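The structure appears right after this line, and notes come after that.
Model, not experiment: these values are computed from the prediction. For reference, positions follow the sequence shown, starting with 1.
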Amino acid sequence: MTNAADGGEHAERFTLLRPLLFTIAYEILGSATESDDVLQDSYLRWAAVDLSTVRDTKSYLAQLVTRQALNALRAGARRREEYVGPWLPEPILLDEQDPSTDVVLAESVSMAMLVLLETLSPDERAIFVLREVFGFDYNEISDAVGKPAPTVRQVAHRAREHVQARRKRFDAVDPQRNAELTAQFLATAASGDVETLVTMLAPDATWMADSNGKVSAARRPIVGADRVARAVSGMMRKGGGLGLRVEFVTCNSAPAVLMYLGEELQGVISVEIIDDKITNFYVMRNPEKLAALATARSISRG
């Protein structure tokens, strides 16, 4: 039976590693809400563990959270198949830490990477995240996903090749510069200067919106600088007439814009910028997913 002192030590160890454990779950699930549920369930299991049997708390808890996250990912597969329109990860606001100082961490929680991870199978995703982002060895990952270490090595190699073939170059960025570009773009959009907007976009710029059919949003991605420029300009000018208010923040280590009508949050636009050109807009309009923005998150790789 666990005594009060043991219970305190369970909580202390778990709390110390919580930013790491949340980051693992979030990168596997793409959902902050589901990650919170995974951590809650994982803690209940952890609280029943005899600490004298745990040699490496970080490895043990990472494996526990990974197993629970994989279970949640597989359980939610049907819901995603029935989703209306594009499915995007839940955007998260970060606390005072600056993950841009850790390029690997910043990239791993970027919207672009999380969207790309959706193209992997659940096992590939978990193995890629544990190996490439957090640096766990193959034996530790084997215990987490229930596959032999040689199989894990093969899956890791396949997942790494898949990601490298599809991701755009990611460099350390200047957060202030990107925030300025985002603000400049929206101000130009509100003025209706479509020609200038086009010059600020990559030729294959994409606008992707997630609403699950609950509110108005494009059901299919809008692709191409001219089409995106016209769509954003139209949205901003229409929103201006309705009293749309915007607030600039950082979501997932990148510039983002919160959109309000009155005090009600209508959506968040996460912006990806490469070489001073906007390449992607990830637009969250699903009210259920916007709820995750109410809490700032701490993330970590260690």
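- Between the side chain of E140 and the backbone N or O of D137, at least one donor-acceptor pair lies under 3.5 Å.
- No donor-acceptor pair closer than 3.5 Å links the side chain of N252 to the backbone N or O of A254.
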Can you check ring-ring contact (aromatic ring centres under 6.0 Å, His included) on F128 and F134, steps first, answer last? CA-CA 9 Å; F128 176 85; F134 300 98; over 10 Å; no
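- Between D276 and R177 there is a salt bridge, since a side-chain N of the basic residue sits under 4.0 Å from a carboxylate O of the acidic one.
- Looking at D210 and Y83, their side chains do bring a donor and an acceptor atom within 3.5 Å of each other.
- Side-chain atoms of E272 and S110 include no donor-acceptor pair closer than 3.5 Å.
- Electrostatic pairing of D41 and R67 does not count as a salt bridge here, judged by no charged N lying under 4.0 Å from a carboxylate O.
- Shown here is K147, whose NZ atom has no more than 12 heavy atoms of other residues, nucleotides or ligands within 6.0 Å.
- With hydrogens and angles ignored, the 3.5 Å screen pairs a side-chain donor or acceptor of T23 with a backbone N or O of S300.
- Inter-residue side-chain proximity for L94 and S253 is flagged as met; some heavy-atom pair is nearer than 4.5 Å.
- Side-chain N or O atoms of T15 include none that pairs as donor or acceptor with a backbone N or O of R13 at under 3.5 Å.
- Here the side chain of S233 pairs no donor or acceptor atom with the backbone of A229 at under 3.5 angstrom.
- Residue Q176 places its CD atom among 12 or fewer non-hydrogen atoms of other residues, nucleotides or ligands, all under 6.0 Å distant.
- Between the CG atom in D36 and the OH atom in Y26 there is a gap of 11.5 Å [rounded to 0.5 Å].
- A salt bridge links K214 to E288: one of the charged nitrogens lies within less than 4.0 Å of a carboxylate oxygen.
- L51 CG to T57 OG1: the interatomic distance, rounded to the nearest 0.5 Å, is 7.0 Å.
- In this model, no donor atom of one side chain and acceptor atom of the other lie less than 3.5 Å apart for Q68 and S42.
- Within the 3.5 Å criterion, the main-chain N or O of G192 finds no donor-acceptor partner in the side chain of R237.
- Looking only at distances, no side-chain donor or acceptor of K58 sits under 3.5 Å from a matching main-chain atom of L20.
- The nearest pair of heavy atoms linking R297 to A32 is NH2-CB, 3.9 Å.
- More than 12 heavy atoms of other residues, nucleotides or ligands lie within 6.0 Å of CZ in R74, so this atom counts as buried by the packing criterion.
- Considering every non-hydrogen atom in both A256 and V268, the closest pair reads CB-CG2, 4.1 Å.
- Between Y43 and F14, the ring planes lie perpendicular to each other; the angle is over 60°, past the 30° to 60° tilted range.
- Crowding of R301 atom CZ: a count of heavy atoms from other residues, nucleotides or ligands under 6.0 Å exceeding 12.
- In this structure, A225 and L201 approach most closely via the heavy-atom pair O-CD1, 3.3 Å.
- We find the CD1-CD1 distance between I28 and I127 to be 10.0 Å, quoted to the nearest 0.5 Å.
- In this structure, CG in D143 is found 11.0 Å from OG1 in T66, a value given to the nearest 0.5 Å.
- Applying the 6.0 Å contact sphere to CD of E12 captures no more than 12 heavy atoms from other residues, nucleotides or ligands.
- Formation of a donor-acceptor pair under 3.5 Å by the R131 side chain with backbone atoms of F136 is found in this model.
- No side-chain N or O of S121 forms a donor-acceptor pair with one of D123 less than 3.5 Å apart.
- Residues passing the ring-ring contact (aromatic ring centres under 6.0 Å, His included) test with Y60, sequence neighbours excluded: W46.
- Side-chain polar atoms of H162 and R166 form a donor-acceptor pair below 3.5 angstrom.
- Here the closest heavy-atom approach between residue M235 and residue I269 is recorded as CE-CD1, 4.0 Å.
- Applying the salt bridge (Lys or Arg N to Asp or Glu O under 4.0 Å) test to R80 and every residue at least two apart in sequence or in another chain returns E118.
- The minimum heavy-atom distance linking L117 with E27 is given by the pair CD1-O, 3.7 Å.
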Test log, rule salt bridge (charged side-chain N to carboxylate O under 4.0 Å, His left out), inputs E34 and R79: CA-CA 13 Å; E34 292 181 12; R79 293 196 304 273; 3.4 Å; yes
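- Distance alone, capped at 3.5 Å, is enough to place a donor-acceptor pair between the T119 side chain and the L116 backbone.
- In this structure, the side chain of K289 engages the main chain of L88 through a donor-acceptor pair within 3.5 Å.
- For the residue pair D56/S59, the side-chain donor-acceptor check at 3.5 Å is not satisfied.
- What you find for P91 and A292 is that their closest heavy atoms are O-CB, 4.2 Å.
- Neither V283 nor M208 shares a network with the other; the hydrophobic side chains, linked directly or stepwise wherever heavy atoms of I, L, V, M, F, W or Y lie under 4.5 Å apart, form separate groups for each.
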